[in-house]
Amino acid sequence: MSTTAIIISIIFVLCLAAPVVTRAVGLVNADDKPVKKIWIPLIFGLSQGVMAVAGYYIGKLIRHLFVDEFAPYLVFALMIVVAVKMFVDAIRVLKGKMLYTVSGDWDFLLLSIMAAFNALLVSLAGPFFLPAMPSGAWFFPAVALAGFLWAFIVTRIAFNRGVMKKMSFIEFSAAVFMVVVAVLYLFTDLI
């Protein structure tokens, strides 16, 4: 594998977990216990990893429905769907429509699953593209680690309108990169 493919796959994994950014910001207060400050990122990371694995195995179950010649188009389509979803989410965050209040453990669990939905969608096509990625089987722990790292970083940031604009920019940038990766996957052999 080339160094370019490795760099692209690392950035791809970080972009795939980027929806954690807009959902995790401000979930931890300065006076919260240290356990909560690590528990929240762990749940976000685990949900990213579990959804990626679930998507992969669901994709393996339905792989027989697709002819391998159509596989690149399926991967491209799922990556574009995820990118469009991320664009829409970024715009909704800018408009103040995706601000979350978490009042209990179930609300938080649902929020972490919503943040991991992109990992599920992209991993549905995993049986087609994962063998070609440099990370291979390490893709799933990498997605979990990326989700953990994003949540760990942004839960320490105090919530305000300016921060939400920056977080929206991160998700928007990740969406742009997802489109670039989708195009590279379809039209080149870099990935």
Applying side-chain contact (heavy atoms from CB on, under 4.5 Å), run through S9 and F139 and close with a yes or a no.
CA-CA 9 Å; S9 65; F139 174 77; over 6 Å; no

Is F12 reachable from I7 through a run of hydrophobic residues whose side-chain heavy atoms are each under 4.5 Å from the next?
yes

Do L61 and L74 belong to the same hydrophobic cluster, where Ile, Leu, Val, Met, Phe, Trp and Tyr are linked whenever their side-chain heavy atoms lie under 4.5 Å apart, directly or via other members?
no

E171 vs R23, side-chain contact (heavy atoms from CB on, under 4.5 Å): CA-CA, chis, key distance, verdict
CA-CA 11 Å; E171 192 163 356; R23 288 160 178 86; 4.0 Å; yes

Can you name the nearest heavy-atom pair linking [X] to [Y], along with the distance?
| X | Y | answer |
| --- | --- | --- |
| P19 | N118 | CG-ND2, 3.0 Å |
| A90 | S168 | O-OG, 2.6 Å |
| A119 | V143 | CB-CG1, 4.2 Å |
| A151 | P41 | CB-CA, 3.6 Å |
| V181 | I8 | CG2-CG2, 4.0 Å |

CD1 of I80 to CG of L121: how many Å apart, nearest 0.5 Å?
13.0 Å

Interatomic distance, M114 atom CE to D89 atom CG [nearest 0.5 angstrom]
8.0 Å

Does [X] have any side-chain contact (heavy atoms from CB on, under 4.5 Å) partners at least two apart in sequence or in another chain, and if so, which?
| X | value |
| --- | --- |
| I170 | V21, W150, M167 |
| K60 | Y56, Y57, P127 |
| L186 | P72, Y73, F76 |

Side-chain atoms of residues 45-53: list all donor-acceptor pairs with protein atoms under 3.5 Å, sequence neighbours left out, distances to 0.1 Å.
{"residue": "S47", "atom": "OG", "partner": "I43", "partner atom": "O", "Å": "3.2"}
{"residue": "S47", "atom": "OG", "partner": "F44", "partner atom": "O", "Å": "2.9"}
{"residue": "S47", "atom": "OG", "partner": "S112", "partner atom": "O", "Å": "3.2"}
{"residue": "Q48", "atom": "NE2", "partner": "A115", "partner atom": "O", "Å": "2.9"}

Kindly indicate whether the side chain of [X], heavy atoms from C-beta on, has any atom under 4.5 Å from the side chain of [Y].
| X | Y | value |
| --- | --- | --- |
| L94 | F169 | no |
| M79 | L184 | no |
| V122 | M178 | yes |

Those residues that, when tested against F177, pass ring-ring contact (aromatic ring centres under 6.0 Å, His included) (two or more places apart)
none

Test question: given the 4.5 Å side-chain rule for I, L, V, M, F, W and Y, name all other residues clustered with L42, or answer none.
I38, L145, F148, L149, F152

Under the side-chain contact (heavy atoms from CB on, under 4.5 Å) rule, what do F87 and V176 come out as? Steps first, then yes or no, please.
CA-CA 8 Å; F87 280 128; V176 169; 3.8 Å; yes

